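Letters A, B, ... mirror the listed sequences (proteins, then strands); counts begin at 1. Everything numeric in this text was worked out from a predicted model, so none of it was measured.
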There are 2 protein chains.
Amino acid sequence: MTTRTDALTRREQILKEAARLFAARGFHGVGVDEIGAAVGISGPGLYRHFAGKDAMLAELLVGISGRLLDGGKLRVADTEGGPDDVLSALIDGHIDFALDDRPLITLHDRELDRLRDSDRKLVRQLQRQYVELWVGVVREIHPTAPESEARIAVHAVFGLLNSTPHLGSLGRPATESLLRRLAHGAFAALSD
Amino acid sequence: MTTRTDALTRREQILKEAARLFAARGFHGVGVDEIGAAVGISGPGLYRHFAGKDAMLAELLVGISGRLLDGGKLRVADTEGGPDDVLSALIDGHIDFALDDRPLITLHDRELDRLRDSDRKLVRQLQRQYVELWVGVVREIHPTAPESEARIAVHAVFGLLNSTPHLGSLGRPATESLLRRLAHGAFAALSD
DNA sequence: GCAACGTGTTAACGCTCATTAACAGAGCAA
DNA sequence: TTGCTCTGTTAATGAGCGTTAACACGTTGC
């Protein structure tokens with residue numbers, strides 16, 4: 001079949017377009033006909049690839065949470081140096097993610113409650129593990145800050161990094177650099 | 001009728017409950033029957049107070065944008081001292097808002113595209129003015145930072161401040177103080 | 001050649017849900 | 001009393017939309 005490195009599977013095409021549309025107008029705001037049209041087939045044709053609209057959302061959300069967590073774990077394990085370097089690696093990774101897959105990031109904290117219980121639990125668990133990854137590193141750097149403060153700070157920095165609405169007039173590298181500085185600045189304030 | 005200082009009018013009750021429900025499950029995720037039930041009347045009964053479901057959302061979003069902008073203007077005008085003090089006042093005001101009216105803040109950047117064109121334009125204009133208020137102050141403090149950087153930083157700090165999902169185990173004052181420090185820390189990084 | 005399968009199509013079903021219709025009672029002015 | 005307004009009610013309407021049914025056609029394995 002067409003599973004070369006450059007070509008996307010039909011399934012992957014559908015997921016990509018569905019993510020874009022869901023992020024733009026919300027899960028309920030997009031019809032299956034529209035998703036189908038985005039990949040050149042008809043609405044009911046989607047049911048040859050997914051059990052239903054819910055299944056698409058579930059796969060998207062579980063996928064993004066899993067990739068975020070895996071990427072984070074990898075960076076924590078692979079980074080040599082002190083916790084400062086690890087935190088930098090986590091921030092850089094999250095920025096890449098936020099800029100590359102903004103539709104998915106948007107979905108991630110917007111449409112979670114549309115999932116069936118089991119999927120929602122899974123996503124929440126993955127999210128929690130990702131947060132705790134960050135909290136652990138942050139607490140190494142700021143041992144005096146209580147854990148609850150560190151956790152709120154991590155959530156706040158996620159909000160900061162995920163806020164990029166459009167790359168603005170800055171280019172990609174400048175935006176990355178700016179977000180990096182802002183995130184480090186926020187965490188630095190933890191020791192004040 | 002009951003328009004004392006403590007009692008809410010029926011309209012206000014409805015708006016309050018609608019805001020809470022919309023924030024929790026999204027505009028399309030909430031039915032009129034549910035909104036009606038939340039204030040003790042039936043679904044169609046709402047139509048005695050609002051032209052439709054869309055009208056409730058419009059009034060909520062225009063209201064929140066307007067109050068944010070008005071509050072910001074007031075603080076800029078009333079604060080004595082340098083731009084640092086003005087920025088502090090803006091941050092404090094936004095934190096109060098984020099903690100007091102979180103449902104509305106959530107709606108604010110989540111359901112904007114459900115509005116009719118005229119309302120959406122109005123809300124966008126109010127939002128833009130609010131952002132520019134901040135950008136002006138930030139640029140006074142960091143004159144070397146280009147305007148596009150300042151604007152992205154302002155958006156990022158909004159994301160940071162609006163990220164509070166639950167007050168967590170910290171109390172309200174401690175959360176306020178923490179968010180304040182994080183926001184100042186992020187802005188401080190603009191001059192790096 | 002042919003059965004099986006994968007992947008489409010269009011038409012129809014059924015449910016949800018915003019909105020409207022039709023009606024009713026309380027409070028109040030004349 | 002009479003009638004008007006305000007604020008509710010329940011029942012009906014009608015559109016939108018996810019899903020399923022029924023059918024078609026190319027490819028592949030035997």
If the condition is side-chain hydrogen bond (donor to acceptor under 3.5 Å, both in side chains), which residues does B:R75 pass it with, not counting sequence neighbours?
none
Return the value, rounded to whole Å, for the distance between atom CZ of A:F50 and atom C1' of C:dG8.
16 Å
Sugar-phosphate, base or nothing in reach of A:G31, heavy atoms under 4.0 Å
sugar-phosphate
Please work out if A:V30 contacts a base, only the sugar-phosphate, or nothing of the nucleic acid, heavy-atom cut-off 4.0 Å.
sugar-phosphate
How many Å lie between CG on B:L46 and P on D:dT7, as a whole number?
13 Å
Length of the CD1-P vector between A:I35 and D:dG18, whole Å
8 Å
Looking for any heavy atom pair under 4.0 Å, which part of the strands does A:G52 touch: base, sugar-phosphate only, or nothing?
sugar-phosphate
A:H49 side-chain N/O to C:dG8 phosphate OP1/OP2 under 4.0 Å
yes
Taking the side chain of B:V32 as heavy atoms from C-beta outward, which of C:dA18, D:dG18, D:dT9 is closest to it?
C:dA18
Options C:dT19, D:dG18, D:dG8, nucleotide nearest the side-chain atoms of A:Y47:
D:dG18
For B:R151, check salt bridge (Lys or Arg N to Asp or Glu O under 4.0 Å) against everything at least two apart and list the hits.
B:E132, B:E147
With respect to the phosphate group of C:dG6, does any side-chain polar atom (N or O) of A:R10 fall under 4.0 Å of OP1 or OP2?
no
Could you tell me the separation between the CG atom of A:L57 and the P atom of D:dG18, rounded to a whole number of Å?
13 Å
Contact pattern, 5' to 3', of nucleotides 21-27 of chain C - B, S or - by protein heavy atom under 4.0 Å:
-BB----
Roughly how far apart are B:L178 CG and B:E176 CD, rounded to 0.5 Å?
11.0 Å
To the nearest Å, give me how far apart CD (B:Q13) and C1' (D:dT7) are.
13 Å
Can you name the ring pair (Phe, Tyr, Trp, His ring centres under 6.0 Å) partners of B:F158, sequence neighbours left out?
B:H94, B:Y130, B:W134
Please report, rounded to the nearest Å, how far the P atom of D:dG18 is from the CZ atom of A:F27.
8 Å
Whole-Å gap separating P (C:dT20) and CG (B:D33):
15 Å
Testing the 3.5 Å rule here: is there a donor-acceptor pair between the side chains of A:T9 and A:R11?
no
Applying side-chain hydrogen bond (donor to acceptor under 3.5 Å, both in side chains) to A:S42 and not counting sequence neighbours gives none
What residues form a side-chain contact (heavy atoms from CB on, under 4.5 Å) with B:R124, not counting sequence neighbours?
B:L112, B:R120
A:R114 CZ - D:dC17 P separation (whole Å):
15 Å
